[in-house]
Participant: 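Quick one: structure below, then a few questions.
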Amino acid sequence: MDLLSALSLGELALSFSRVPLFPVFDLSYFIVSILYLKYEPGAVELSRRHPMASWLCAMLHCFGSYILADLLLGEPLIDYFSNNSSVLLASAVWYLIFFCPLDLFYKCVCFLPVKLIFVAMKEVVRVRKIAVGIHHAHHHYHHGWFVMIATGWVKGSGVALMSNFEQLLRGVWKPETNELLHMSFPTKASLYGAILFTLQQTRWLPVSKATLIFIFTMFMVSCKVFLTATHSHSSPFDALEAYICPVLFGAAWGGDHHHDNHGGSHGGSHGGGGPGAQHSAVPAKSKEELSEGSRKKKTKKAD
């Protein structure tokens, strides 16, 4: 009995769920979010030429999930900006990251051990936002499962989902980078987390909200810290999706990986979808097809 009580997560999870996010965790969330903005090509030049546009982009990175959730629930989009403390804190972080002399602040927060701490704390905020979003949507739509899932999803990954709009503020238009077409790990995890919290909110998942927050936060922190430390863009869900998606949605899943290989960003990561697999699927070709293929290859090399 002592062992079982020692392994009980109830008290620990309850205490963890009551930890206030402001200002320490929110500060970490703002730092990592604006760091990702500075990593974008042309972001530094934009901050020098158009500081107001850069500041608006930073605010979207920090508060985009709240704005998108308010849009879904029909509430004022500017409502969260009445929180003066959070806006001022995010603005201070933006200024220090982009304009601190000698880039001292940027170099400090980019130091990998320090950055990993901030990344872990950001995931704490992300999971708490998903849980709050589900609770908020449940208050408005008591039986609206899809509304709750959608609200929790955008609360966890709203910045990524509205990335094309943020790009427009920077004068960039890249529709092929739509997050729905190429979902990152945080976006997928936020969707799965929104489903879990919706099941818990509607009493279909027999676990307390504090325990679910604690367990899902530990999962998110472990995965995101590992991916950041190893500079990996993969997802822990890839192996599972590689088996499930072809069964549920057909062979187009393999074709999507083949398309990604031609994109150039991860060309060497999917060796099984290379040309050899296509040649085995189509064993015979006419001379006209072969000559046409040769001309296309020469054209690509010339480009």
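Residue indices begin at 1 and follow the sequence shown.
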Participant: Show, in sequence, the C-alpha distance, side-chain angles and deciding distance for Leu73 and Tyr141, and conclude whether the side-chain contact (heavy atoms from CB on, under 4.5 Å) test is met.
Facilitator: CA-CA 9 Å; Leu73 296 177; Tyr141 302 92; 4.0 Å; yes

Participant: Testing Phe197, Phe219, Phe185, Phe237 for ring pair (Phe, Tyr, Trp, His ring centres under 6.0 Å) with Tyr192, which one passes?
Facilitator: Phe237

Participant: Rounded to the nearest 0.5 Å, what separates atom CG in Leu89 from atom CG in Asn84?
Facilitator: 12.5 Å

Participant: Assess whether atom CZ of Arg18 is packed by more than 12 heavy atoms of other residues, nucleotides or ligands within 6.0 Å.
Facilitator: no

Participant: If you take all heavy atoms of Phe22 and Ser85, which pair is closest and at what distance?
Facilitator: CZ-CB, 3.6 Å

Participant: Assess the residue pair Val114 and Cys108 against the criterion (side-chain contact (heavy atoms from CB on, under 4.5 Å)); give the C-alpha distance rounded to whole Å, side-chain angles, the decisive distance to 0.1 Å, and a yes or no.
Facilitator: CA-CA 7 Å; Val114 177; Cys108 290; over 6 Å; no

Participant: Check whether any side-chain heavy atom of Lys122 lies under 4.5 Å from a side-chain heavy atom of Lys224, and answer yes or no.
Facilitator: no

Participant: Do the non-hydrogen side-chain atoms of Tyr80 and Ser86 ever get within less than 4.5 Å of each other?
Facilitator: yes

Participant: Counting C-beta onward and ignoring hydrogens, is there a side-chain heavy-atom pair between Met121 and Val32 closer than 4.5 Å?
Facilitator: no

Participant: According to a hydrophobic-cluster definition based on side-chain heavy atoms being under 4.5 Å apart (Ile, Leu, Val, Met, Phe, Trp, Tyr only), do Val225 and Phe214 belong together?
Facilitator: yes

Participant: For Phe226, is the CZ atom crowded, meaning more than 12 foreign heavy atoms sit under 6.0 Å from it?
Facilitator: no

Participant: About how many Å separate NE2 of His50 and CZ of Arg48, when rounded to the nearest 0.5 Å?
Facilitator: 13.0 Å

Participant: Is Tyr39 atom OH crowded by more than 12 heavy atoms from other residues, nucleotides or ligands, each under 6.0 Å away?
Facilitator: yes

Participant: Report yes if some heavy atom in the side chain of Leu227 is under 4.5 Å from a heavy atom in the side chain of Ser234; otherwise report no.
Facilitator: yes

Participant: Lys38 and Asp103: side-chain contact (heavy atoms from CB on, under 4.5 Å), yes or no, with the steps?
Facilitator: CA-CA 12 Å; Lys38 189 167 184 177; Asp103 265 350; 3.3 Å; yes

Participant: Which value, rounded to the nearest 0.5 Å, describes the distance between Glu166 atom CD and Met162 atom CE?
Facilitator: 9.0 Å

Participant: Can any side-chain N or O of Ser17 pair as donor or acceptor with the backbone N or O of Leu14 at less than 3.5 Å?
Facilitator: yes

Participant: For residues 147-158, which side-chain N or O atoms pair as donor and acceptor with protein atoms under 3.5 Å away, sequence neighbours left out?
Facilitator:
unit_1: Thr151; atom_1: OG1; unit_2: Val147; atom_2: O; d: 2.8
unit_1: Trp153; atom_1: NE1; unit_2: Ser157; atom_2: OG; d: 3.4
unit_1: Trp153; atom_1: NE1; unit_2: Thr187; atom_2: O; d: 3.0
unit_1: Ser157; atom_1: OG; unit_2: Trp153; atom_2: O; d: 3.0

Participant: Same cluster for Leu88 and Leu96 if Ile/Leu/Val/Met/Phe/Trp/Tyr side chains link at under 4.5 Å?
Facilitator: no

Participant: Could you tell me whether the side chain of Asp238 and the main chain of Ser235 form a donor-acceptor pair under 3.5 Å?
Facilitator: yes

Participant: Going from CZ on Phe216 to CD1 on Ile213, what distance comes out if it is rounded to the nearest 0.5 angstrom?
Facilitator: 11.0 Å

Participant: Side chains of His140 and His136: any donor to acceptor distance under 3.5 Å?
Facilitator: yes

Participant: Report all side-chain donor-acceptor pairs from residues 52-67 shorter than 3.5 Å, counting only partners two or more places apart or in another chain.
Facilitator:
unit_1: Ser54; atom_1: OG; unit_2: Trp94; atom_2: NE1; d: 3.0
unit_1: Trp55; atom_1: NE1; unit_2: Ser91; atom_2: OG; d: 2.9
unit_1: His61; atom_1: ND1; unit_2: Ser33; atom_2: O; d: 3.4
unit_1: Ser65; atom_1: OG; unit_2: Lys129; atom_2: NZ; d: 2.7

Participant: Do Leu46 and Leu37 belong to the same hydrophobic cluster, where Ile, Leu, Val, Met, Phe, Trp and Tyr are linked whenever their side-chain heavy atoms lie under 4.5 Å apart, directly or via other members?
Facilitator: no

Participant: Is Ile78 atom CD1 crowded by more than 12 heavy atoms from other residues, nucleotides or ligands, each under 6.0 Å away?
Facilitator: no

Participant: Hey, does Val125 have a side-chain heavy atom less than 4.5 Å from the side chain of Ser28?
Facilitator: no

Participant: Leu169 and Val159: same hydrophobic cluster, using ILVMFWY side-chain contacts below 4.5 Å?
Facilitator: yes

Participant: Tell me whether Arg126 is salt-bridged to Glu123, with the criterion being a basic N under 4.0 Å from an acidic carboxylate O.
Facilitator: yes

Participant: Can a donor-acceptor pair be found, under 3.5 Å and without considering hydrogens, that links the side chain of Arg49 to the backbone of Ser47?
Facilitator: no

Participant: Which heavy atom of Asp70 sits nearest a heavy atom of Leu77, and at what distance?
Facilitator: C-CD2, 4.0 Å

Participant: So, taking the atom named CD1 in Ile134 and the one named CG in Leu199, what distance separates them when rounded to the nearest 0.5 Å?
Facilitator: 9.5 Å

Participant: Roughly how far, to the nearest 0.5 Å, is the CD1 atom of Ile195 from the OG atom of Ser190?
Facilitator: 11.0 Å

Participant: Quick one, His135 with Lys209, criterion side-chain contact (heavy atoms from CB on, under 4.5 Å). Give me CA distance, side-chain angles, the key distance, then yes/no.
Facilitator: CA-CA 10 Å; His135 180 77; Lys209 180 179 291 187; 3.7 Å; yes

Participant: Can you give me the closest heavy-atom contact between Ile97 and Tyr106, atom names plus distance?
Facilitator: O-CB, 3.9 Å

Participant: For the residue pair Val207 and Gln200, establish whether any side-chain heavy-atom pair is separated by less than 4.5 Å.
Facilitator: yes

Participant: Which atoms form the tightest heavy-atom contact between Thr211 and Ser208, and what is the distance?
Facilitator: OG1-OG, 2.7 Å

Participant: Are Phe118 and Leu35 close enough that some pair of their side-chain heavy atoms sits under 4.5 Å apart?
Facilitator: no

Participant: Where the side chain of Thr177 meets the backbone of Lys174, is there a donor-acceptor pair that is under 3.5 Å apart?
Facilitator: yes

Participant: Does Tyr243 belong to the same Ile/Leu/Val/Met/Phe/Trp/Tyr cluster as Val247, with side-chain heavy atoms less than 4.5 Å apart forming each link?
Facilitator: no

Participant: Quick check: are there more than 12 heavy atoms from other residues, nucleotides or ligands sitting under 6.0 Å from OH of Tyr36?
Facilitator: yes

